[in-house]
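Below, chains carry the letters A, B, ... as their sequence lines are ordered, and counting in each starts from 1.
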Number of protein chains: 2
Amino acid sequence: MSHPLFERHRPLLDRALQAIAERGYWSPFPESPKAYDEHLPAYGKTAFEALLNQPFPLTLPGTVGKVGAETSPYDVALGITYPKVELDQLFAAIAEAQGAWRKAGPEAWIGVSLEILTRINKRSFELAYAVMHTSGQAFMMAFQAGCPHAQDRALEAIAYAYDEMRRIPSSARWEKPQGRNEPLRMEKHFRIVPRGIGLVIGCNTFPTWNAYPGMFASLATGNAVVVKPHPNATLPLAITVQIAREVLAEAGFDPNIVMLVAHAAGDDTAQRLALRPEVKLIDFTGSTANGDWLEKNARQAQVYTEKAGVNQIVVDSAEDFKSVARNVAFSLSLYTGQMCTAPQNVYVPKGGIDTSEGHLSLDQVAQGLAEAVQKLVGDPARAVEILGAVVNDGVAQRIEAARGLGPVVLDSQAITHTQFPNARVRTPLIVKLDAKDDAKYLKEWFGPIAFVIATDSTAQSLDIARRAVRDHGALTLSLYSKSPKVVEDAIEVAEDAGVALSINLTGGVFVNQSAAFSDYHGTGANPAANSALTDAAFVAGRFRVVQHRMHV
Amino acid sequence: MSHPLFERHRPLLDRALQAIAERGYWSPFPESPKAYDEHLPAYGKTAFEALLNQPFPLTLPGTVGKVGAETSPYDVALGITYPKVELDQLFAAIAEAQGAWRKAGPEAWIGVSLEILTRINKRSFELAYAVMHTSGQAFMMAFQAGCPHAQDRALEAIAYAYDEMRRIPSSARWEKPQGRNEPLRMEKHFRIVPRGIGLVIGCNTFPTWNAYPGMFASLATGNAVVVKPHPNATLPLAITVQIAREVLAEAGFDPNIVMLVAHAAGDDTAQRLALRPEVKLIDFTGSTANGDWLEKNARQAQVYTEKAGVNQIVVDSAEDFKSVARNVAFSLSLYTGQMCTAPQNVYVPKGGIDTSEGHLSLDQVAQGLAEAVQKLVGDPARAVEILGAVVNDGVAQRIEAARGLGPVVLDSQAITHTQFPNARVRTPLIVKLDAKDDAKYLKEWFGPIAFVIATDSTAQSLDIARRAVRDHGALTLSLYSKSPKVVEDAIEVAEDAGVALSINLTGGVFVNQSAAFSDYHGTGANPAANSALTDAAFVAGRFRVVQHRMHV
């Protein structure tokens with residue numbers, strides 16, 4: 001039996017299924033604000049501002065008080081509170097809601113998920129302000145990465161979920177020949193059932209982009225979902241949960257299938273949620289320490305984690321070094337290097353590199369990168385639209401600590417934001433190190449911190465890169481080389497260590513960008529993440545098949 | 001690029017892909033010995049006997065001695081030794097072999113796996129004797145379950161693996177429109193890479209059937225495989241590994257992609273293997289204690305476990321109780337109840353049940369089951385062909401212990417096997433219990449031990465069944481009822497608790513049988529197994545995708 005919401009969104013789903021099969025370019029949710037109804041930008045801003053300084057309009061079972069103390073990295077106090085919930089009551093309400101949701105079946109789960117998603121898209125401007133003022137991303141990035149790109153990733157997860165579920169027949173006739181006797185005849189029915197409850201643990205820097213794949217993968221496979229946002233990035237997920245609950249209720253389901261657990265920083269809410277026996281799936285983005293804790297302790301659940309890593313660029317040679325430097329400078333600067341895909345280590349042979357404009361020494365390479373960054377962030381008004389704001393004081397302190405690691409090629413500077421004068425805005429720091437300083441550079445320095453590392457050769461650069469991916473994890477690896485042999489070697493390293501490789505990016509594509517429906521975000525093959533967003537493995541374990549059989 | 005072995009077996013693979021999409025009846029490997037070349041049975045017996053009382057012909061790197069002390073449950077000393085290997089040397093040899101295997105790609109992995117499988121099929125009679133004299137299964141069962149049925153399950157795993165891998169495009173062209181400017185154009189390449197090494201931990205009762213799915217799922221996705229058989233069921237897997245290594249070598253690969261680690265009972269080989277950092281996948285069949293240990297401690301690996309459970313039959317009413325009793329009696333007797341799918345608890349309302357021949361009291365039901373078992377195993381010559389032999393002394397001792405739990409409805413008897421007079425052969429024990437005796441019956445009594453449990457009503461029977469599945473795990477649930485309402489209730493319990501349900505089996509299909517390509521063996525949704533044999537979730541995590549991208 002089909003579901004009206006499934007039928008409504010069938011064309012979108014079909015196109016998404018084609019996209020995941022081809023993995024070329026496709027984006028259903030426009031990334032240009034101009035593609036949206038002209039009243040939406042102003043409406044979204046008004047809607048965001050209307051949320052400030054009051055309780056967020058969300059009614060949840062088990063509410064015992066209020067919680068919330070978000071402060072924008074742009075130094076705007078949000079002043080929003082959320083329901084503080086008592087977990088036993090919350091989970092009791094979920095238990096009541098689950099039966100009907102389980103029985104509704106895949107087409108209802110998919111249809112409801114797609115309806116939620118398209119409504120989220122309509123509130124993209126409101127959500128963009130929410131992402132901006134929790135993560136510190138500049139508005140345009142908050143809009144693009146936090147809204148259409150995040151929505152694309154959600155749709156990708158829904159499409160993979162459906163692609164796995166649709167291949168399971170709902171029933172089968174089984175006829176086993178018995179020689180001259182009548183065959184044995186049975187009918188078998190295969191019902192897809194969810195695992196239980198999916199817990200989604202959000203992060204501060206990409207509250208929607210990193211939470212949506214797991215959230216929608218779990219929901220689209222019939223699970224209930226408990227969303228636990230970062231205490232300083234609750235608003236974007238509160239809006240998301242609000243929309244989800246509206247759609248569920250309108251579709252005749254108990255809205256308690258999707259819950260929000262807002263909480264105060266530093267409490268044990270995440271741990272208590274993760275150890276609930278009802279929680280069978282956990283999607284986590286955050287620190288290696290917290291991710292490892294979940295993997296080790298939340299034994300009752302399948303845990304999908306994205307943790308820290310060391311992203312790297314191997315510079316071997318270049319056609320046009322200026323375009324290399326421009327490209328790398330943007331990757332170092334975008335959102336102040338606070339992307340999980342942002343490069344940190346730039347390996348350069350100490351003998352320098354060949355370029356089409358002649359040989360460049362190591363110092364010339366380092367200087368060229370520094371100048372490109374300086375040029376990109378030299379104009380404060382333009383710089384803040386790229387850098388955004390520093391998400392928390394830890395990043396600012398980390399810049400201080402990194403300054404002392406070696407010779408500073410480019411110092412980090414504080415920039416005054418004209419619109420938000422108290423915002424923490426910092427430009428990238430570039431420090432020169434030697435290959436032997438691996439104790440310094442073989443760990444994540446989260447923030448706008450890059451190292452130019454002198455190696456004996458490109459071969460050594462690749463060796464270090466391989467070891468770093470294997471031992472410390474990475475989401476991205478980037479190579480610049482004119483040599484087909486070096487390109488082959490780098491591909492070998494990437495496939496052996498298990499990291500996505502970008503080769504000779506000099507134009508409008510950057511190593512820290514991964515496109516939904518085309519790029520796999522993470523491989524699941526190194527310590528930075530135990531899964532990829534999104535592939536079959538990310539969804540196939542979120543449901544089970546329960547059969548019953550009888551003689552015909 | 002295709003591989004010749006892939007092309008050779010393409011028709012078989014295509015048919016298997018159709019079978020997993022439809023899940024009706026299909027079996028490529030005939031279960032009737034008569035379907036095989038007429039010289040094969042005698043040849044297989046000779047080949048088996050030629051293996052006895054000498055070192056098994058297998059050369060492995062890191063060999064430091066000999067190990068092996070298998071004793072047949074039929075009291076035939078096998079006298080076979082296997083290479084005893086030093087693990088560091090073994091893993092060093094695997095590391096050397098892995099690179100070329102990884103690069104060979106999915107069609108080579110699939111082609112080699114299918115070639116291994118078809119050669120295994122040709123040695124089915126030799127393998128049947130090996131399974132018989134390690135597990136204690138009667139010859140016909142050892143042949144069917146240990147050879148064609150196990151091979152079917154292996155092919156099923158290979159087909160699922162290919163089905164997942166084939167949906168990943170090897171490359172894509174990505175063109176992102178840029179308004180009036182030229183689009184951004186990239187080419188992307190997606191390479192499938194294995195996780196590393198798959199460890200397969202075999203069991204004593206079904207050395208091939210339970211090992212093959214994991215072994216072939218890992219191999220078909222490019223992993224190396226280390227097979228660790230049960231110390232008393234090494235031979236079937238040694239033959240399997242021997243065939244795999246032959247095929248690998250003939251296909252130009254390093255045979256060290258498939259290894260055997262035979263070991264002595266009671267040593268720590270399993271634990272040492274499971275904690276090797278190179279091991280990324282573990283397939284385990286065995287006790288709950290050992291399975292839980294792996295899940296808790298082998299944190300570097302994805303662990304697939306099949307553990308203990310409590311299988312149940314709910315008797316509510318029946319059209320023809322005699323055929324019910326016959327069917328259940330066979331399920332209790334087959335291989336002396338030593339199947340992971342064999343029923344243990346039979347719930348019957350204390351007020352008795354309605355049948356088409358009239359009302360039967362609880363005691364009449366219990367007596368009817370006892371008589372049906374007695375009839376089935378009354379003739380020793382026929383009985384041993386159903387019962388086989390008791391796999392180890394623990395089972396025999398467990399029968400003793402179970403006798404004291406309550407009133408004995410049918411006592412277990414020792415039977416003398418005419419061909420193997422010292423074989424341990426036992427008939428089923430049936431003990432009557434009350435619903436309140438849950439401390440006795442809510443745990444696995446592995447072996448020919450069944451309980452007829454008096455409940456207040458079928459509703460209570462179903463409640464107990466639900467709780468047992470959730471808390472203790474189960475692979476099978478069986479219902480006998482004439483009432484459509486009770487059937488619906490049982491389906492609800494099955495789907496809620498996550499266990500496969502068989503309804504009104506009275507003919508030639510038994511609850512303990514699960515057919516490859518049609519029945520899911522296990523759901524992965526209750527404590528008896530964290531995965532199903534075989535579905536997408538069982539294979540999707542055994543490989544990863546590593547991409548590289550560059551501008552066009």
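Of the listed residues (A:Lys296, A:Arg542, A:Gln178), the greatest number of heavy-atom pairs within a distance under 4.5 Å of chain B belongs to A:Lys296. For chain B, the option among A:Pro169, A:Ala172, A:Gly99, A:Gly179 with the highest count of heavy-atom pairs below 4.5 Å is A:Pro169. Residue with the most contacts toward chain B among A:Gly541, A:Gly196, A:Ser518: A:Ser518 (heavy-atom pairs, distance under 4.5 Å). The choice from A:Gly24, A:Ser171, A:Pro183, A:Pro194 that makes the most heavy-atom pairs within less than 4.5 Å of chain B is A:Gly24. Most heavy-atom pairs under 4.5 Å with chain B: of the set A:Lys280, A:Arg195, A:Glu295, A:Gln98, this distinction falls to A:Glu295.
Between A:Arg102 and B:Glu492 there is a salt bridge, since at least one side-chain N of the basic residue sits less than 4.0 Å from a carboxylate O of the acidic one.
Checked by atom type, the side-chain pair B:Arg549/A:Ser502 shows a donor-acceptor distance below 3.5 Å.
Using a distance-only test at 3.5 Å, with no hydrogens or angles considered, no donor-acceptor pair links the side chain of B:Glu175 to the main chain of A:Tyr25. B:Glu495 places no side-chain N or O within 3.5 Å of a backbone atom of A:Arg191 that could act as its donor or acceptor partner. Remark: side-chain polar atoms of A:Arg544 are paired, donor with acceptor, to backbone N or O of B:Gly524 under 3.5 angstrom.
At a 4.5 Å heavy-atom cutoff, the contact between A:Asp496 and chain B is made by backbone and side-chain atoms alike. For A:Glu31, the part lying under 4.5 angstrom from a heavy atom of chain B is the side chain only. Heavy-atom distances place no part of A:Ala532 under 4.5 Å from chain B, backbone and side chain included. For chain B, no part of A:Val539 is nearby; none of its heavy atoms comes within less than 4.5 Å. Heavy atoms of A:Lys188 lying under 4.5 Å from chain B belong exclusively to its side chain. Looking at A:Leu184, the atoms closer than 4.5 Å to chain B (heavy atoms on both sides) all sit in the side chain, from C-beta outward. For A:Glu22, the part lying near chain B is the backbone, with the side chain staying farther off; criterion is any non-hydrogen pair under 4.5 Å. Proximity to chain B is limited to the side chain of A:Arg299, based on heavy atoms less than 4.5 angstrom apart. When heavy atoms are compared at a cutoff of 4.5 Å, A:Phe543 does not approach chain B at all. The part of A:Val193 that comes within reach of chain B is its side chain, from C-beta onward, which places non-hydrogen atoms under 4.5 angstrom from that chain.
Heavy-atom minimum distance, B:Ile491 versus A:His548: CD1-NE2, 3.4 Å. The two residues B:Ala540 and A:Ala536 come nearest to each other via the heavy atoms CB-C, 4.1 Å.
With rounding to the nearest 0.5 Å, the separation of CZ in A:Arg167 from CD1 in B:Ile20 is 7.0 Å. Between the OG1 atom of A:Thr506 and the CE atom of B:Met550 there is a distance of 12.5 Å, given to the nearest 0.5 Å.
With a 4.5 Å cut-off on side-chain heavy atoms, B:Trp174 and A:Asp519 do not count as touching. Residues A:His551 and B:Asn504 are not in side-chain contact: their nearest non-hydrogen atoms beyond the backbone lie 4.5 Å or more apart. Between A:Gln302 and B:Gln302 there is a side-chain heavy-atom pair separated by less than 4.5 Å.
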Dump the intermediate steps for side-chain contact (heavy atoms from CB on, under 4.5 Å) on B:Arg23 and A:Arg173, then the final yes or no. CA-CA 8 Å; B:Arg23 295 197 81 91; A:Arg173 176 107 171 186; over 6 Å; no

Begin with the C-alpha distance, continue with both residues' side-chain angles, and end with the deciding distance and a verdict on side-chain contact (heavy atoms from CB on, under 4.5 Å) for B:Met186 and A:Leu505. CA-CA 10 Å; B:Met186 303 200 81; A:Leu505 295 185; 3.4 Å; yes

For A:Tyr520 and B:Val546: C-alpha separation, side-chain torsions, deciding distance, then whether side-chain contact (heavy atoms from CB on, under 4.5 Å) applies. CA-CA 8 Å; A:Tyr520 292 94; B:Val546 176; over 6 Å; no

